[in-house]
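What you are looking at is a predicted structure, and each value in this text was computed from that prediction instead of being measured.
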Amino acid sequence: MTGEMLARTLPWVGGSLALLAVLALLRRPLGGLLRLAFRTGAGYLCLSVLAPVGQFIGAGLGINLFNSLVLGILGVPGLGLLLMLNWVLR
């Protein structure tokens, strides 16, 4: 291997190793954020399915990011909390 070839490949190898080290350090926080994003998407889907039916029974909730995050973090008890909050604020 010539000196010029080594000088060209060494930064790439060092950068790749640094990137792998950063990803290894951030594996748990990134996994938690990914899980929260998935659960928030599931909450959004639940809200969009329940919105048309909820209007008929008087339990209509808005489809927005805040409600989706509450459902993503708290799950079914979060839905009850949002419904009670909606009832109290009317």
Can you tell me how far [atom2] of [Y] sits from [atom1] of [X], rounded to the nearest 0.5 angstrom?
X: M5; Y: L10; atom1: CE; atom2: CG; answer: 12.5 Å
X: L81; Y: M84; atom1: CG; atom2: CE; answer: 5.5 Å
X: L74; Y: L69; atom1: CG; atom2: CG; answer: 10.0 Å
X: T40; Y: N67; atom1: OG1; atom2: CG; answer: 11.5 Å
X: L71; Y: F66; atom1: CG; atom2: CZ; answer: 10.0 Å
X: L61; Y: S48; atom1: CG; atom2: OG; answer: 12.0 Å

Same apolar cluster: [X] and [Y], side chain cutoff 4.5 Å:
X: L45; Y: L83; result: no
X: L47; Y: L36; result: yes
X: I63; Y: L65; result: yes
X: L79; Y: V49; result: no
X: Y44; Y: L85; result: no

List the steps, then state whether side chain to side chain contact (heavy atoms under 4.5 Å, CB included) holds for L82 with N86. CA-CA 6 Å; L82 287 172; N86 190 17; over 6 Å; no

